[in-house]
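Take a look at the structure below.
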Protein chains: 2
Amino acid sequence: MNLAYEPHPLIRRLESITDLSQSEKDALLHLPLMLREFAADQVIVREGDHPSESCLVISGMAFRFKMTEDGKRQIMSFHIAGEIPDLQSLHLRTMDHGLSTLTPCKLAFISHRSLRSLFQQHPRLSEVFWRETLIDAAIFREWVVNVGRRPAPARMAHLLCELFLRHKAVGLVTDHAFEFPITQSEMADALGLSNVHVNRTLQELRARGLIGEQGHLLKILDWEGLKQAGEFDPTYLHQEPGDEAA
Amino acid sequence: MNLAYEPHPLIRRLESITDLSQSEKDALLHLPLMLREFAADQVIVREGDHPSESCLVISGMAFRFKMTEDGKRQIMSFHIAGEIPDLQSLHLRTMDHGLSTLTPCKLAFISHRSLRSLFQQHPRLSEVFWRETLIDAAIFREWVVNVGRRPAPARMAHLLCELFLRHKAVGLVTDHAFEFPITQSEMADALGLSNVHVNRTLQELRARGLIGEQGHLLKILDWEGLKQAGEFDPTYLHQEPGDEAA
DNA sequence: CGATACGTTGACGGAAATCAACCCCGGTGG
DNA sequence: CCACCGGGGTTGATTTCCGTCAACGTATCG
């Protein structure tokens, strides 16, 4: 099955972190995909599941999360077009967290079988996907720092910087603005804050002239200022193509 | 170069998460290693470095960390014998964090070149090491939850549960007790707390009869109670050998 | 023996949680 | 058509957990 999207979001994403040969791109284009549409706030994969396929985000936003016993939720990552949030299930049988849509999403399911066969035919692609999961891990590390050691305004600013650059890397930024469908409660669950405090912190960032909002769009008004406020160093995103070891 | 240690700590570690064939074990035993000894609190790899080798912990404890601009430190993981804390540098050229010894350590450096050639000859081993980095990521995710959503006593208890099980998986637990060289300040930097609060939290856990300490040993007095206090679910450690997808 | 690192205790302050209203807006059904 | 509803956002009052500061104890070591 082929995709009507041009360019293929997965290829766009992978090319933001590495170089791809034509035959590798061809192989990726011919990966068998099961397209499905999800409404907002639908659980895609449940904690405890044993998936036999992984899920590529074609459009919309998804997130990974865990619940604590007293019903609190921690969001551990947000995912945009071109990413495969549960790629790890290829080598970890049991889901240790949930995956859910945030907005309505177009998702493409890829069976582990076809991934394995892809890697067999293109061993370098298996390194590229490995690299992809390593970047995932690098982002988690940075989130540990963020929730562990930064006060609320810096924490917020840091998250916004990350989301901005990740959108930019796949061409989803125009005029320093990008689609921002995350509610304040969801930000709270991602940052380890209360929704009330998220609200006040956002007001502070707006008042400091760092960001502005128009409807679903988030606009970065002062990139340098925002980076500074969030102590943001983009190294951990490992975005430069050609960055991987020879 | 061969190791005087029996069994090889790397093999013991990998066998705690997967099954290894005899030829795979042989190949691992013949990996060329550069043994070096480090004193306590020595930086092994610096943030920003471009390593051409990765480092296997033979004995002692190491940790990964980042510094924030105002000089605060966040520890992101602890590592014990058999683990390769900077395996990710195989596919991520730039270190986005530091790696340091906690105690005096015996370390074995493995060049990326020999890892690549090992994976070429034993493709399944590359999946095993990939799996290893995925478990790493799963632990980071759990740490995000821990620092983001749990109050200090639960946070502490959760960390102790994790360290206990990881030591147990490689045979480093006797009589519910294991070597515990982490100072209270270091725990503070791992948990996103102050050293003072760590001190008080530890006293609370001792007073509740959950743990006891004798010198460098930490003893789990009430495993069920500690698990409950930390909302601990070991799924995320993915320890069962045979757990990986066929 | 003093130096130093680690652990412990008390007093105080502050960042963020909680609780509780209230507003705004889009959807929907009587 | 308008009333009602519910989700998201906003605000103020109050509480609490945890940080900071500062002092002191204790053990190890050169």
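Labels below follow one simple rule: chain letters A, B, ... track the order of the sequence lines, proteins then strands, and each chain is numbered from 1.
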d(Leu210(B) CG, Leu202(B) CG) to nearest 0.5 Å is 11.0 Å
Rounded to the nearest Å, what distance is computed from the CG atom of residue Leu193(B) to the C1' atom of nucleotide dC17(D)? 10 Å
Check His158(A) against Gly230(A) and note the closest heavy-atom contact, atom names and distance. CD2-O, 3.2 Å
By salt bridge (charged side-chain N to carboxylate O under 4.0 Å, His left out), which residues pair with Arg200(A), not counting sequence neighbours? none
Using salt bridge (charged side-chain N to carboxylate O under 4.0 Å, His left out) as the criterion, list what pairs up with Asp70(B), not counting sequence neighbours. none
Excluding sequence neighbours, so at least two apart, what forms ring pair (Phe, Tyr, Trp, His ring centres under 6.0 Å) with His167(A)? Phe178(A)
Which residues satisfy the salt bridge (charged side-chain N to carboxylate O under 4.0 Å, His left out) test with Asp86(B), sequence neighbours excluded? none
Nearest-0.5 Å distance, OG1 of residue Thr101(A) to CG of residue Leu107(A): 7.5 Å
Please report the distance, rounded to the nearest Å, between NZ in Lys72(A) and P in dC17(D). 11 Å
Please write out each protein N/O paired with an N/O of nucleotides 23-30 of chain D under 3.5 Å, distance rounded to 0.1 Å.
none

For Asp189(A), what residues pass the salt bridge (charged side-chain N to carboxylate O under 4.0 Å, His left out) criterion, not counting sequence neighbours? Arg73(A), Arg149(B)
Evaluate Arg12(B) against Glu15(B) for salt bridge (Lys or Arg N to Asp or Glu O under 4.0 Å), listing each step before the verdict. CA-CA 5 Å; Arg12(B) 171 140 58 168; Glu15(B) 286 195 314; over 6 Å; no
Taking salt bridge (charged side-chain N to carboxylate O under 4.0 Å, His left out) as the cut-off, I'd like each qualifying pair that reaches into residues 153-165 of chain B, sequence neighbours left out, listed once. Glu162(B)-Arg166(B)
Bounded by its outermost nucleotides with an atom under 4.0 Å from a heavy atom of chain A, the footprint on DNA chain C reads dA16(C) to dC19(C)
Show each protein N/O and nucleotides 7-13 of chain D N/O combination with a separation under 3.5 Å, one pair to a line.
{"residue": "dG9(D)", "atom": "OP2", "partner": "Gln184(A)", "partner atom": "N", "Å": "2.7"}
{"residue": "dT10(D)", "atom": "OP2", "partner": "Gln184(A)", "partner atom": "NE2", "Å": "2.7"}
{"residue": "dT10(D)", "atom": "OP2", "partner": "Asn199(A)", "partner atom": "ND2", "Å": "2.7"}
{"residue": "dT10(D)", "atom": "O5'", "partner": "Asn199(A)", "partner atom": "ND2", "Å": "3.2"}
{"residue": "dT11(D)", "atom": "OP2", "partner": "Gln203(A)", "partner atom": "OE1", "Å": "2.6"}
{"residue": "dT11(D)", "atom": "OP2", "partner": "Gln203(A)", "partner atom": "NE2", "Å": "2.7"}
{"residue": "dG12(D)", "atom": "N7", "partner": "Arg200(A)", "partner atom": "NH2", "Å": "2.3"}

Close approaches to DNA chain C from residues 148-157 of chain B, in residue order (heavy atom, under 4.0 Å): none
Partners passing ring pair (Phe, Tyr, Trp, His ring centres under 6.0 Å) against His79(A) (at least two apart in sequence or in another chain): none
Tell me, please, which residues at least two apart from Phe63(A) pass ring pair (Phe, Tyr, Trp, His ring centres under 6.0 Å). Phe65(A)
State whether the side chain of Arg64(A) and the backbone N or O of Phe78(A) hold a donor-acceptor pair below 3.5 Å, judged by distance alone. no
